[in-house]
*Asks:* 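The structure follows.
In what follows, chains carry the letters A, B, and so on, assigned in the order in which the sequence lines appear, proteins first and then strands, with residues in each chain numbered from 1. Side chains included, hydrogens not; waters and symmetry mates left out as well; all remaining heavy atoms used. The shown structure was predicted, so the numbers you read here are calculated from the model rather than taken from an experiment.
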Amino acid sequence: MPELPEVEVTRRSFAERIAGARIVSSVLGKPLRWPLGLQPQALQGRLVQGVRRRGKYLLLDLNEGLLLIHLGMSGSLRFVGGDEEPLGPAGVHDHFDLQTTRGLLRLHDPRRFGAVIYVPSETDALARKLLDHLGMEPLGDGFTLPDFKAGLAASRAPIKQLLLSGSVVVGVGNIYASEVLFLSRIHPATPARDIGPRKVKALYESIREVLALAVEQGGTTLRDFSSANGMEGHFQLQAKVYGREGMPCTHCGAPIRLLKQGQRSTYYCARCQKSS
DNA sequence: AACGGACCCTGTCCGC
DNA sequence: TGCGGACAGGGTCCGT
C-alpha cells in the first residue's frame with residue numbers, strides 16, 4: 001500500500017505532535033515481519049525526539065536508540081493526542097501500540113508485512129542490513145541526473161523492476177512506477193541501460209514531479225490508506241494508467257495494457273511507451 | 001554478481 | 001450462497 005508519498009504524508013501528519021513525548025507503555029499484537037528486538041516495556045520512559053524517513057521506512061528517534069517502522073503492503077499509522085477522541089481498544093489487526101504523554105501511536109496492518117524494530121543505533125547490524133543498500137532519496141538534493149543516469153546504465157533489468165527494487169532511487173512503488181514510465185513514454189520492459197539520454201532525463205523529472213505532487217495530494221488512497229491523523233489521499237484521481245486496463249489512454253486513446261513483471265502488475269500504453 | 005522467482009499473510013472480489 | 005483462485009500499494013531470501 002504505502003509508497004514514498006504515503007509514508008512521507010504519514011510522517012508529516014504526526015511528527016510534530018509526537019516530538020518531545022515520553023513513552024508511557026508499549027504493547028505488541030501478532031508478530032510482524034521482524035521481532036521488535038527488545039521487551040516492549042523496556043521502551044518506557046524514553047523520549048521521542050523526532051520522526052525521519054528513509055525510503056519507505058520511518059525512523060522514530062528516541063533519546064536512546066530508535067524505532068524503525070515499515071508499513072509493508074497494508075500498514076497504516078494513527079496518532080491520536082490526549083485531547084482527541086480516543087482510538088479505543090486494539091483491534092485484531094492492530095499490532096503495535098505506543099502510548100506516550102502526547103498521545104497514542106498505533107500500527108494497523110492486516111497482512112503483517114510491516115515491521116517495528118528497535119535498534120540501539122543506525123549503525124546496528126540489522127539497521128544497516130535494511131537501510132544501507134537503499135538508493136537515492138528522490139525528493140532530496142542528493143538525487144541528481146548524472147547519478148540517476150549512472151544507476152540505470154549499470155543495470156540490464158527491466159526499468160519497471162529496477163525502479164521497484166529501490167536500488168537506484170527509493171520510494172517508487174507499483175503505482176508510481178507505472179505512472180512515471182507513462183509520463184516519460186518508456187516501455188516498462190526496456191532494459192534500464194538501453195534507455196536513451198532524453199528519456200532518462202524525462203524519467204528523472206517525472207519521478208521528482210509525480211512523487212512531490214502525490215505528497216501534496218496527501219498520497220494515494222486505493223482502498224484503506226489514511227495518514228496518522230485519518231486523512232485520505234487524492235492522488236489516485238490523477239493516475240493516468242494504474243488500474244486502468246482496457247480504458248483509453250489519456251494521450252492517444254489506445255487501450256491501456258496490463259503486463260506482469262515479477263508477479264506485479266504494470267499498466268502502460270503500448271502506443272505511447274516505446275523501448276527506444 | 002545480477003537477476004528472477006518463491007514466499008511471507010489476510011482480505012476482497014470475481015467466476016462458477 | 002458457497003467455494004476456489006487470483007490479486008492487492010512491499011521486501012527479503014535463495015537459487016542460478
*Asks:* Looking for any heavy atom pair under 4.0 Å, which part of the strands does A:R156 touch: base, sugar-phosphate only, or nothing?
*Replies:* sugar-phosphate
*Asks:* Return yes when atom CZ of A:R193 has more than 12 non-hydrogen atoms of other residues, nucleotides or ligands closer than 6.0 Å, and no otherwise.
*Replies:* yes
*Asks:* Less than 4.0 Å between a side-chain N and a carboxylate O, is that true for A:E84 and A:R78?
*Replies:* no
*Asks:* Round to a whole Å and report the spacing from CG of A:L32 to P of C:dG10.
*Replies:* 17 Å
*Asks:* Rounded to whole angstroms, how far apart are CD on A:E6 and C1' on C:dA8?
*Replies:* 14 Å
*Asks:* In this structure, how many angstroms lie between the P atom of C:dA8 and the CG atom of A:L164, rounded?
*Replies:* 12 Å
*Asks:* Specify the separation, in whole Å, of atom CD of A:Q161 and atom C1' of C:dG11.
*Replies:* 14 Å
*Asks:* Reckon A:H95 touches a base, only the sugar-phosphate, or nothing at all at heavy-atom distances under 4.0 Å?
*Replies:* nothing
*Asks:* Within the structure shown, what part of the strands sits under 4.0 Å from A:F235 by heavy-atom distance: base, sugar-phosphate, or nothing?
*Replies:* nothing
*Asks:* With the side chain counted from C-beta on, respond yes when A:R52 and A:D61 share a heavy-atom pair under 4.5 Å apart, and no when they do not.
*Replies:* yes
*Asks:* Strictly below 4.0 Å, N to O, side chains only: are A:E8 and A:R11 in salt-bridge contact?
*Replies:* yes
*Asks:* Reading DNA chain B from 5' to 3', where do the contacts with chain A start and stop? Cut-off is 4.0 Å to heavy atoms.
*Replies:* B:dC3 to B:dG11
*Asks:* Distance only, no hydrogens: is a donor on one side chain within 3.5 Å (strictly under) of an acceptor on the other, for A:T266 and A:K260?
*Replies:* no
*Asks:* Both A:L162 and A:Q263 contact DNA chain B. Which one's nearest nucleotide lies toward the 5' end?
*Replies:* A:L162
*Asks:* How would you label the contact of A:P158 with the nucleic acid (heavy atoms, under 4.0 Å): base, sugar-phosphate, or nothing?
*Replies:* sugar-phosphate
*Asks:* If only atom types and distance count, is the side chain of A:S184 paired as donor or acceptor with the main-chain N or O of A:A202 below 3.5 Å?
*Replies:* no
*Asks:* What integer number of Å spans the C1' atoms of B:dT12 and C:dG11?
*Replies:* 23 Å
*Asks:* Within the 4.5 Å heavy-atom criterion, are A:L60 and A:V51 side-chain neighbours or not?
*Replies:* yes
*Asks:* Could you state the CG-C1' distance from A:L222 to C:dG10, rounded to the nearest angstrom?
*Replies:* 15 Å
*Asks:* Can you figure out which of C:dA8, C:dG10, C:dG11 approaches the side chain of A:Y57 most closely?
*Replies:* C:dG11
*Asks:* Measure the distance from CG on A:D109 to P on C:dA8 and round it to the nearest whole Å.
*Replies:* 18 Å
*Asks:* What pattern of brackets, bars and dots sums up DNA chain C from 5' to 3', given Watson-Crick or G-U wobble pairs under 3.5 Å, [ ] for crossing pairs and | for another strand?
*Replies:* .|||||||.|||||||
*Asks:* Across the strands shown, which category fits A:S165 at heavy-atom distances under 4.0 angstrom: base, sugar-phosphate, nothing?
*Replies:* nothing
*Asks:* Between the main-chain N or O of A:F143 and the side-chain N or O of A:R208, is there a donor-acceptor pair closer than 3.5 Å?
*Replies:* yes
*Asks:* Starting at atom CG of A:L163, determine the distance to atom C1' of C:dG11, rounded to an integer number of angstrom.
*Replies:* 16 Å
*Asks:* Less than 4.0 angstrom between a side-chain N/O of A:K56 and OP1 or OP2 of C:dG11, yes or no?
*Replies:* yes
*Asks:* Find out whether A:L4 and A:Y176 are in side-chain contact, i.e. whether some heavy atom of one side chain is under 4.5 Å from a heavy atom of the other.
*Replies:* no
*Asks:* Taking 5.5 Å and 30° as the limits, would you call A:F113 and the base of C:dG10 a stacked pair?
*Replies:* yes
*Asks:* Roughly, in whole Å, what's the span from CG in A:L130 to P in C:dT12?
*Replies:* 6 Å
*Asks:* Going only through I, L, V, M, F, W and Y residues with side-chain contacts under 4.5 Å, is there a path from A:Y268 to A:I256?
*Replies:* no
